[in-house]
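For clarity, every value in this text was computed on a predicted model and none was experimentally measured. Computation of the quantities below employed the complete heavy-atom set of this structure, encompassing side-chain atoms and omitting hydrogens, waters and symmetry-equivalent molecules.
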Amino acid sequence: MPTLGPNQYGKAETRVVRVVRDGAVHHLKDLNVSVALSGEMDAVHLSGSNANVLPTDTTKNTVYAFAKEHGIDTAEEFGIRLARHFVTGQEPIHRARIRVEEYAWERIGTAGGAEHSFVRRGQEVRTAQITFDGERWEVISGLTGLTVLNTTDSEFWGYVKDRYTTLPEARDRILATDVHARWRYGWSEDTRPMPDWDHGHAEARGHLLSAFAETYSLSLQQTLYQMGARVIERRPDIDEIRLSLPNKHHFLVDLEPFGLTNDNEVYVAADRPYGLIEATVLRDGAEPRIPTD
């Protein structure tokens with residue numbers, strides 16, 4: 001006989017842009033917010049009763065209303081406020097998960113000193129996932145689309161070879177990747193001071209970049225571990241970090257048909273297929289809780 005397993009519902013990808021007008025100086029926040037709620041929802045699945053269901057349209061409206069009533073300081077703070085509202089405001093709801101993507105904009109500097117014009121900052125996206133069960137918090141911050149590249153100080157050789165191996169060993173190669181990182185804070189209770197989310201994000205990002213640049217890499221796996229370890233070592237409020245790094249391959253172009261020597265100067269950038277390297281780095285004693293997918 002079938003039984004109902006874990007379930008949740010909510011409104012996904014509510015896009016909200018909040019403008020704060022401080023005189024002639026304007027400030028911009030651009031978020032994509034997804035709400036997932038779970039709790040006493042057996043009846044709606046088994047009999048169709050909506051008695052415990054808060055409409056997903058209401059969750060969307062709540063996002064917009066909170067952007068006006070409370071403003072948006074950080075993605076994490078905004079998600080915490082929403083999660084608390086849904087869990088404490090509706091008795092049947094026992095757990096809320098809020099996922100936030102934040103798109104960064106920079107001011108366009110002009111001779112006239114305009115303070116209301118912005119340009120999108122590349123493809124990098126700041127991420128946050130906040131989960132609340134009425135007692136404990138779990139905050140997973142992160143980023144995606146952070147593209148980095150080293151033109152040297154990277155090798156790849158000594159690997160297993162079989163009858164299908166054609167890749168030549170490399171003693172000097174380009175190493176490039178798009179960093180997808182998620183890190184989990186140790187903060188979980190309202191009785192403890194809340195972390196400085198903006199400062200924590202900036203520092204974690206900086207440590208990821210520094211470790212990538214400073215690691216003489218014999219494999220992308222080694223670089224990944226050094227990046228994660230740098231964050232764990234230097235951010236005591238972070239217990240776990242998971243990294244997903246696609247290897248953005250750059251292959252030397254064969255210039256011999258043209259009578260030219262390619263001394264690590266001309267490459268073709270291949271976007272697919274690509275190697276995908278993933279791993280979690282943990283603080284001693286911490287349990288892995290960031291999903292692997």
Side-chain angles (χ1 to χ4, degrees), residues 10-22 25-38 54 58-90 93-107 118 121 124-146 181-208 231 235-242 289-290:
K11 187 72 80 175
E13 299 197 25
T14 297
R15 190 69 179 268
V16 56
V17 176
R18 177 68 155 92
V19 178
V20 175
R21 292 173 168 80
D22 185 12
V25 179
H26 294 182
H27 305 275
L28 183 68
K29 285 286 188 178
D30 185 353
L31 305 183
N32 192 28
V33 182
S34 295
V35 176
L37 308 175
S38 57
L54 182 72
T58 302
T59 67
K60 175 204 68 178
N61 293 340
T62 304
V63 171
Y64 294 139
F66 272 40
K68 166 60 179 177
E69 294 175 350
H70 305 289
I72 300 172
D73 183 16
T74 66
E76 290 84 355
E77 179 273 337
F78 191 64
I80 287 171
R81 193 181 294 276
L82 285 170
R84 190 192 306 276
H85 166 79
F86 290 124
V87 172
T88 62
Q90 299 291 328
I93 297 174
H94 298 167
R95 184 176 181 269
R97 186 197 69 203
I98 313 297
R99 287 179 173 166
V100 184
E101 297 175 329
E102 179 176 352
Y103 310 107
W105 295 83
E106 295 177 341
R107 297 186 188 281
F118 299 83
R121 189 197 304 162
E124 181 181 345
V125 176
R126 177 172 171 174
T127 64
Q129 176 175 296
I130 297 89
T131 305
F132 183 52
D133 63 5
E135 295 182 359
R136 298 183 65 83
W137 297 94
E138 181 179 84
V139 178
I140 299 173
S141 298
L143 55 84
T144 188
L146 177 62
R182 293 170 289 167
W183 53 88
R184 179 174 56 81
Y185 287 91
W187 179 81
S188 60
E189 300 173 357
D190 282 322
T191 55
R192 296 170 55 193
M194 192 178 298
D196 184 330
W197 306 115
D198 275 345
H199 182 69
H201 185 275
E203 286 225 334
R205 181 182 185 275
H207 293 319
L208 291 170
V231 173
R235 289 297 308 180
D237 54 346
I238 294 174
D239 287 345
E240 175 186 6
I241 181 168
R242 180 159 182 85
R289 295 216 295 265
I290 299 176

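What you find for Glu102 and Ala75 is that their closest heavy atoms are OE1-CB, 3.9 Å. Closest approach of Ser141 and Tyr185 over heavy atoms only: OG-CE1, 3.3 Å. Between Ala204 and Val231, the shortest heavy-atom distance links the atoms O-CG2, 3.8 Å. When every heavy atom of Ile98 is checked against every heavy atom of Gly79, the shortest pair comes out as CG1-O, 3.6 Å. Considering every non-hydrogen atom in both His26 and Asp22, the closest pair reads CD2-N, 4.5 Å. The minimum heavy-atom distance linking Arg192 with Trp187 is given by the pair O-NE1, 3.1 Å.
Listed by chain and number, the residues in a ring pair (Phe, Tyr, Trp, His ring centres under 6.0 Å) with Phe132 are Trp137 (sequence neighbours excluded). With sequence neighbours excluded, the residues forming a side chain to side chain contact (heavy atoms under 4.5 Å, CB included) with Arg15 are Asp30, Asn32, Tyr103, listed by chain and number. Partners of His201 according to the ring pair (Phe, Tyr, Trp, His ring centres under 6.0 Å) rule, which considers only residues two or more places apart in sequence or in another chain, are Trp183. Take Asp239 and apply the side chain to side chain contact (heavy atoms under 4.5 Å, CB included) test, not counting sequence neighbours, and it matches Arg184, Arg283, Ala286. Residues passing the side chain to side chain contact (heavy atoms under 4.5 Å, CB included) test with Asp73, sequence neighbours excluded: Glu77.
Atom CG of Leu146 sits about 5.0 Å away from atom CZ of Arg205, to the nearest 0.5 Å. Residue Met194 holds its CE atom at 13.0 Å from CG of Asp237, rounded to the nearest 0.5 Å. Atoms CD1 and CZ, from Ile241 and Arg235 in turn, are 11.5 Å apart once rounded to the nearest 0.5 Å. Going from atom CZ of Arg97 over to atom CG of Leu37 covers 10.0 Å, rounded to the nearest 0.5 Å. Separation of atoms CG (Leu31) and CZ (Arg18) is listed at 11.0 Å; rounding is to 0.5 Å. We find the CZ-OG1 distance between Arg289 and Thr131 to be 10.0 Å, quoted to the nearest 0.5 Å.
Distance alone, capped at 3.5 Å, places no donor-acceptor pair between the Arg126 side chain and the Thr74 backbone. For the pair Ser34 (side chain) and Glu13 (backbone), a donor-acceptor distance under 3.5 Å is present. Between the side chain of Glu240 and the backbone N or O of Ile290, at least one donor-acceptor pair lies under 3.5 Å.
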Can I get a per-line list of side-chain donor-acceptor pairs under 3.5 Å for residues 65-72, giving both atom names and the distance, sequence neighbours left out?
residue	atom	partner	partner atom	Å
His70	ND1	Arg81	NH1	3.3

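For Arg136 and Glu189, the salt-bridge test passes: some basic side-chain N is under 4.0 Å from an acidic carboxylate O.
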